[in-house]
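Remarks on the structure that follows.
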Amino acid sequence: MVLPSIRPFTMTGVRLALGIAWVVIVPAEMLGVSSGLGYEILNARDRLAYDEMLVVILLIGLIGIALDTLAQWLLRERSRG
């Protein structure tokens with residue numbers, strides 16, 4: 001059947017889309033908003049709170065790694081079932 005055979009490719013596309021969405025949403029939060037991780041980076045920069053800015057940047061990276069790990073896990077689980 002066709003549907004089980006396209007599942008790995010679909011899940012890989014979802015994983016790539018998730019990564020691209022994460023790369024786009026954080027900078028988008030820097031433009032004209034008053035909340036979000038992108039806003040917090042600019043806010044900390046403006047207050048010269050570089051320690052807070054670094055924490056937010058690290059948090060963004062950790063969330064990105066967690067999302068990618070989850071997507072990889074789903075890809076493995078779905079390809080088995």
Do L58 and I65 belong together in a cluster built from hydrophobic side chains that touch within less than 4.5 Å?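 L58 and I65: separate clusters.
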To the closest 0.5 Å, what do you measure between CG (N43) and OG (S34)?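 Separation between the atoms: 10.0 Å.
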Any chance you could pull the hydrophobic cluster mates of V56, using side-chain heavy atoms under 4.5 angstrom and chaining through other members?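 In the cluster with V56 are L18, W22, I25, V26, M30, L37, I41, L42, L48, Y50, M53, I57, L59, I60, I63, L67.
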pair E52-R47: side-chain heavy atoms closer than 4.5 Å: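 Result yes, sub-4.5 Å side-chain heavy-atom pair found.
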Compare every heavy atom of A71 with every heavy atom of R15, then report the nearest pair and how far apart it is.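 R15 and A71 have their closest heavy atoms at CG-CB, 3.8 Å.
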